[in-house]
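Beneath this line is the structure, given in structure tokens, with notes to follow.
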Amino acid sequence: VDELIEQVRNGRRRVLARLITQVENSEPEAQAAVAALYPHTGRAHVIGITGPPGSGKSTLVNELAKELRRRGLTLGIVAVDPSSPFTGGALLGDRVRMRDLSGDSGVFIRSMASRGNLGGLARTTADVIKVLDAGGFEAILVETVGAGQAEVDIAATAHTTVVIEAPGMGDDIQTNKAGILEVADILVVNKADRPGSEATVKALKFMLHLNPVGTTERHHGKFMEVAAGNQQAETADWQVPVLETVASEGKGIAALADQVLAHKTYLQGSDGWLAHETVRSRREIERLLADRFMAYLRAAVPAGERERWITAVAGRQIDPYTAVEQLFEQVRQRTFQDGVSDVR
Ligand SMILES: Nc1nc2c(ncn2[C@@H]2O[C@H](COP(=O)(O)OP(=O)(O)O)[C@@H](O)[C@H]2O)c(=O)[nH]1
Ligand SMILES: [Mg+2]
């Protein structure tokens with residue numbers, strides 16, 4: 001394990017790739033490795049990019065990556081793409097596009113399959129980020145489709161969450177439906193070359209106005225001391241900017257990179273970075289505990305018996321609350337009587 005850690009920390013690409021595959025396959029060795037790597041994580045700036053399918057996330061990630069490379073940052077890129085369950089991975093187009101970057105030793109790109117449940121995907125993504133973080137990549141871009149709560153959660157565990165919208169959706173801004181707006185640190189209207197871009201910007205600004213940040217745990221409303229040399233110390237909450245980009249032409253990308261880096265500076269200058277880590281850690285622990293409890297339940301109560309309760313609820317012989325009460329009681333009894341042999 002020591003040698004593996006050393007190789008990961010030196011950013012050995014083959015070792016990283018192999019470990020990430022083991023993480024994706026939930027191999028027990030991978031869990032041990034990620035646990036051992038944990039003390040070497042926590043330095044990377046994790047940037048989540050989310051938004052509806054087709055809004056231009058992959059194109060924008062590619063352009064933003066090139067811009068951040070020009071500014072000297074090493075990058076990990078993780079594309080979580082549940083939109084192609086049949087190929088079990090990212091769309092071909094994403095891969096072709098990302099070939100721009102693939103010859104660059106300062107960039108490590110990984111497309112994740114979204115097989116299995118989304119909860120599993122959230123855990124896997126979190127661990128892949130840790131591996132890249134330990135591998136010394138200074139920024140990690142995570143592209144997710146902002147389609148459902150689980151994907152939004154993945155993006156929201158980033159330090160900086162960029163939410164992308166495309167024009168032409170009128171009042172029916174898609175991100176609002178999924179509650180994505182609340183997790184945005186930066187809003188981007190991509191495809192600003194299309195008609196309706198201004199209206200979308202206006203609509204987003206209006207929604208921000210209705211839904212000001214500082215209300216969620218991520219935006220904890222703490223102040224930032226303005227850097228020495230600046231006359232007035234003031235409370236400076238992060239103001240969510242609304243930017244326009246044309247990712248396919250690289251337009252507006254430098255301004256986006258500026259805001260992404262400004263947000264990092266903001267987090268580091270306030271206690272936002274630590275607050276963020278606390279929120280992320282809490283979510284992670286709760287998710288892992290929930291998985292563990294379910295595994296314990298499955299070990300304590302045989303599948304056939306669980307199925308009988310489910311059938312009884314379906315047939316209205318019993319209500320779900322009572323069924324859960326009974327199941328829970330069985331878990332409790334068997335824990336003390338037999339000592340359930342724990343399973344993962
Ligand atoms: N007109 C226009 N098309 C764009 C822009 N950005 C991306 N596209 C195109 O929109 C399509 C979807 O882009 P993609 O990056 O795959 O979107 P994703 O599904 O959100 O990852 C592709 O054909 C892109 O070339 C843009 O700024 N303007
Ligand atoms: Mg994409």
Side-chain angles (χ1 to χ4, degrees), residues 47-68 75-102 107-115 118 121 124-125 128-129 140-148 150-152 154-156 158 160-170 172-178 180-181 183-184 186-201 203-204 241-257 259-260:
I47 304 156
I49 314 280
T50 192
S55 54
K57 294 177 298 298
S58 297
T59 313
L60 184 131
V61 163
N62 195 51
E63 292 303 311
L64 181 60
K66 286 195 281 184
E67 179 65 25
L68 294 173
L75 297 173
I77 301 175
V78 183
V80 186
D81 201 337
S83 63
S84 56
F86 303 110
T87 59
L91 299 168
L92 183 62
D94 291 357
R95 294 215 174 125
V96 171
R97 238 176 268 124
M98 286 177 173
R99 219 174 268 160
D100 275 7
L101 293 158
S102 62
V107 179
F108 189 99
I109 302 171
R110 186 69 178 215
S111 296
M112 309 256 302
S114 70
R115 71 200 122 182
L118 283 165
L121 185 65
T124 311
T125 306
V128 169
I129 290 169
I140 300 171
L141 296 168
V142 185
E143 177 194 342
T144 65
V145 176
E151 293 96 326
V152 173
I154 293 170
T160 300
T161 303
V162 179
V163 174
I164 302 185
E165 190 58 64
M169 288 150 178
D172 194 22
I173 295 207
Q174 300 210 3
T175 47
N176 199 40
K177 280 191 260 177
I180 303 181
L181 222 49
V183 302
I186 297 169
L187 285 168
V188 171
V189 178
N190 187 43
K191 305 196 180 183
D193 54 326
R194 295 258 181 94
S197 178
E198 259 174 65
T200 305
V201 169
L204 286 173
V242 183
L243 307 175
E244 285 179 287
T245 58
V246 184
S248 52
E249 295 168 23
K251 282 187 190 158
I253 301 297
L256 173 59
Q259 289 294 331
V260 165

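Each residue takes its place number in the sequence, starting with 1. Start at 1 and go down the list; that is how both ligands and their atoms are numbered. All values derive from a computational prediction rather than experimental measurement.
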Just which atoms of ligand 1 are under 4.0 Å from any heavy atom in Ser55?
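Selected atoms, number and element: 20 (O).
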Can you list the ligand 1 atoms lying under 4.0 Å from a non-hydrogen atom of Glu143?
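Per the distance check, 21 (O).
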Candidate pair Leu60 and Leu256, rule side chain to side chain contact (heavy atoms under 4.5 Å, CB included), full reasoning
CA-CA 10 Å; Leu60 184 131; Leu256 173 59; 3.7 Å; yes
Among Ile47, Asn62, Val61, the one residue meeting side-chain contact (heavy atoms from CB on, under 4.5 Å) with Ile77:
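Answer to the side-chain contact (heavy atoms from CB on, under 4.5 Å) test with Ile77 among Ile47, Asn62, Val61: Val61.
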Test side chain to side chain contact (heavy atoms under 4.5 Å, CB included) applied to Ala255 - qualifying residues, sequence neighbours left out:
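Checked Ala255 against side chain to side chain contact (heavy atoms under 4.5 Å, CB included); zero matches.
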Judging by distance only, is a nitrogen or oxygen of [X] under 3.5 angstrom from one on ligand 1?
X      : value
Gly56  : yes
Val246 : no
Ala247 : yes

The one among [options] that brings a heavy atom closest to [atom]:
atom                    : options                      : value
atom 18 (P) of ligand 1 : Lys191, Glu244, Lys57, Glu63 : Lys57
atom 21 (O) of ligand 1 : Gly54, Ser58, Gly252         : Ser58
atom 24 (C) of ligand 1 : Thr59, Val61, Asn190         : Thr59
atom 28 (N) of ligand 1 : Thr245, Thr144, Asp193       : Asp193

Below 4.5 Å, heavy atoms only, C-beta onward: do Leu64 and Ile49 meet side chain to side chain?
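Of all side-chain heavy-atom pairs linking Ile49 with Leu64, at least one is under 4.5 Å.
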Pairwise side-chain contact, Ser55 with Glu165, heavy-atom cut-off 4.5 Å (strictly under)
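Result no, sub-4.5 Å side-chain heavy-atom pair not found.
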Answer with side chain, backbone, both or neither: which part of Pro52 has a heavy atom less than 4.0 angstrom from an atom of ligand 1?
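Just the backbone.
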Is Lys251 near ligand 1, meaning one of its heavy atoms is under 4.0 Å from it?
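Per 4.0 Å heavy-atom rule, Lys251 does not contact ligand 1.
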Counting backbone and side-chain atoms alike, does Thr59 have an N/O/S atom under 2.8 Å from the Mg ion (ligand 2)?
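No N, O or S atom of Thr59 is closer than 2.8 Å to the Mg ion (ligand 2), so no.
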For the Mg ion (ligand 2), give me the closest N/O/S atom belonging to Glu143, just the atom name.
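It is OE2 of Glu143.
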For a quick test of reading the model, state the closest non-hydrogen atom pair linking Arg194 to Pro167 and the distance between them.
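For Arg194 and Pro167, the tightest heavy-atom pair comes out as CB-CG, 3.8 Å.
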Does the Lys57 side chain pair with the main chain of Ile164, one donor and one acceptor, at a distance under 3.5 Å?
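Between the backbone of Ile164 and the side chain of Lys57 there is no qualifying donor-acceptor contact (under 3.5 Å).
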Gap separating the CD1 atom of Ile253 from the CD atom of Glu67, nearest 0.5 angstrom
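Going from CD1 on Ile253 over to CD on Glu67, the span is 8.0 Å.
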Below 3.5 Å, can you tabulate the donor-acceptor pairs from side chains in residues 241-250 to any protein atom, sequence neighbours excluded?
unit_1: Glu244; atom_1: OE2; unit_2: Ser197; atom_2: OG; d: 2.5
unit_1: Thr245; atom_1: OG1; unit_2: Asn190; atom_2: OD1; d: 2.8
unit_1: Glu249; atom_1: OE1; unit_2: Lys251; atom_2: NZ; d: 3.1

